[in-house]
J.: 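Following this message is one structure expressed as structure tokens.
Quick note: numbers below take in every heavy atom, side chains included, and nothing from hydrogens, waters or symmetry partners. FYI, the numbering just counts along the sequence from 1.
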Amino acid sequence: AFCAGADLKAARGGMDHDRGMGLDLPALLTKVADSPKPVIARIAGHCMGGGVGLAAACDLSVAADDVRFGFTEVRIGVAPAIISVVCLAKLRRGDAMELFLTGERVSAARAAEVGLINRAVPRPSLAAEVSRIAGAVMAGGPGALGAAKRLVNEVPSMPTTEAFRYTAALSAELFGSAEASEGMAAFREKRPADWAPGR
């Protein structure tokens, strides 16, 4: 398994709802979201319960096409409460209802179709596809990558006027940065930027 969720055998007398997987799940999911560095998941094993939340929390997730995903919580009399914070942001309401209420296990292709992960690929291609994506991400400036994550995480919940104010200030800050100067110089000079892999 990539992550099978809570250890149900150890939970006979109940469990601390925040620490159902032997860790502080809200803190872990927050760290992934708040990290200025992109977090890429290479999912070569099944994701159940909290494991689906972990996969969904990552910025980019690629799974082998034989992997199964499932919000199986209802089958044991609980709900996917904590992970709903990261999963509902990616799911349409109808898909969330179906997956949360049925507890059925679905294919990696279905998980990609509903937006929980980015894509499902044949298992022999998994490592190469993750490496390709990581290489594409590393071509971006480190500060720009962190800013791009903030945009995706923060702008959708802002009122339009506030969003324009925030993005205009961020754009001015980024265009005035040393990183942007280097990136634009590299573009003009037709060379890789200083941060590019292999430099």
Side-chain angles (χ1 to χ4, degrees), residues 1-4 21 23 25 27-48 50-69 83 85-87 89-91 95 106-156 166-167 170-199:
F2 173 76
C3 180
M21 296 193 320
L23 50 82
L25 188 56
L28 174 63
L29 299 177
T30 300
K31 270 188 176 180
V32 171
D34 291 348
S35 169
K37 296 182 179 183
V39 178
I40 302 171
R42 177 181 174 215
I43 304 169
H46 301 307
C47 294
M48 298 297 147
V52 182
L54 186 57
C58 293
D59 301 309
L60 299 167
S61 295
V62 182
D65 60 2
D66 58 352
V67 167
R68 306 290 285 173
F69 290 77
I83 61 170
V85 175
V86 294
C87 293
K90 293 191 163 189
L91 293 167
D95 291 325
V106 299
S107 68
R110 176 73 173 140
E113 178 186 315
V114 299
L116 286 170
I117 62 172
N118 293 89
R119 62 182 53 99
V121 299
R123 183 169 288 275
S125 306
L126 181 61
E129 180 63 5
V130 171
S131 292
R132 184 196 69 74
I133 290 171
V137 169
M138 289 188 298
L145 293 171
K149 277 190 66 167
R150 287 198 316 272
L151 290 171
V152 172
N153 288 332
E154 297 171 13
V155 170
Y166 171 75
T167 55
L170 179 60
S171 182
E173 176 188 329
L174 293 170
F175 269 95
S177 70
E179 184 172 287
S181 293
E182 163 58 16
M184 288 184 253
F187 176 79
R188 283 190 306 271
E189 296 163 17
K190 295 183 172 40
R191 61 170 175 82
D194 285 348
W195 59 76
R199 282 286 306 219

J.: What closest approach, in Å, do Phe2 and Ala41 show between heavy atoms, and which atom pair accounts for it?
T.: CZ-CB, 4.2 Å
J.: Which heavy atom of Ala112 sits nearest a heavy atom of Ala120, and at what distance?
T.: CB-N, 4.1 Å
J.: Just how far is it from atom SG of Cys3 to atom CG of Leu25, taken to the nearest 0.5 Å?
T.: 8.0 Å
J.: Between Arg68 and Met48, is any pair of side-chain heavy atoms under 4.5 Å apart?
T.: yes
J.: Could you check whether any side-chain heavy atom of Val85 comes within less than 4.5 Å of a side-chain heavy atom of Leu29, counting everything from C-beta outward?
T.: no
J.: I need the minimum non-hydrogen distance between Pro156 and Asn153, along with the two atoms involved.
T.: CD-C, 4.3 Å
J.: Do Tyr166 and Val155 pass the side chain to side chain contact (heavy atoms under 4.5 Å, CB included) test, and can you show the C-alpha distance, the side-chain angles, and the key distance before you say yes or no?
T.: CA-CA 8 Å; Tyr166 171 75; Val155 170; 4.2 Å; yes
J.: Using modelled atom types only, decide if a donor and an acceptor are shared between the side chain of Ser131 and the backbone of Ala127 within a distance under 3.5 Å.
T.: yes
J.: Given the rule in the side chain to side chain contact (heavy atoms under 4.5 Å, CB included) test, do Leu28 and Leu54 qualify, once you have shown the distances and angles that lead to the verdict?
T.: CA-CA 9 Å; Leu28 174 63; Leu54 186 57; 3.8 Å; yes
J.: Can you tell if the side chain of Arg42 reaches within under 4.5 Å of the side chain of Val62, non-hydrogen atoms only?
T.: no
J.: Under the salt bridge (Lys or Arg N to Asp or Glu O under 4.0 Å) criterion, do Glu182 and Arg191 qualify, and how do the steps go?
T.: CA-CA 11 Å; Glu182 163 58 16; Arg191 61 170 175 82; 2.8 Å; yes
J.: Working to the nearest 0.5 Å, report the span between CZ of Phe69 and CD1 of Ile43.
T.: 4.5 Å
J.: Keeping the roles fixed (side chain from Lys90, backbone from Ile117), state whether a donor-acceptor pair exists under 3.5 Å.
T.: no
J.: Under the 3.5 angstrom rule, does the side chain of Lys37 hit a backbone N or O of Gly146 as a donor-acceptor pair?
T.: no
J.: Go through the steps for Cys58 and Ile40 under the test side chain to side chain contact (heavy atoms under 4.5 Å, CB included), then give the verdict.
T.: CA-CA 6 Å; Cys58 293; Ile40 302 171; over 6 Å; no
J.: For the side chain of Asn118 and the backbone of Ser61, is there at least one donor-acceptor N/O pair under 3.5 Å apart?
T.: yes
J.: For Cys47 and Ala55, which heavy atoms make the closest approach, and how far apart are they?
T.: SG-CB, 4.2 Å
J.: Side chains of Glu154 and Leu170: closer than 4.5 Å at any heavy-atom pair?
T.: no
J.: Kindly give the heavy-atom pair with the smallest separation between Val32 and Asp59, and that separation in Å.
T.: O-OD2, 4.5 Å
J.: With heavy-atom distances below 4.5 Å as the criterion, would you say the side chains of Glu179 and Trp195 are in contact?
T.: yes
J.: Look up atom CG in Asp66 and atom NE2 in His46, then write down how far apart they are to the nearest 0.5 Å.
T.: 7.0 Å
J.: Do Lys149 and Ser35 come close enough that some side-chain heavy atom pair is under 4.5 Å?
T.: yes
J.: What I want to find out is whether Asp65 reaches Arg123 closely enough, with some N-O distance under 4.0 Å, to be called a salt bridge.
T.: no
J.: Do NZ/NE/NH1/NH2 and the carboxylate oxygens of Arg150 and Asp34 come within less than 4.0 Å?
T.: no
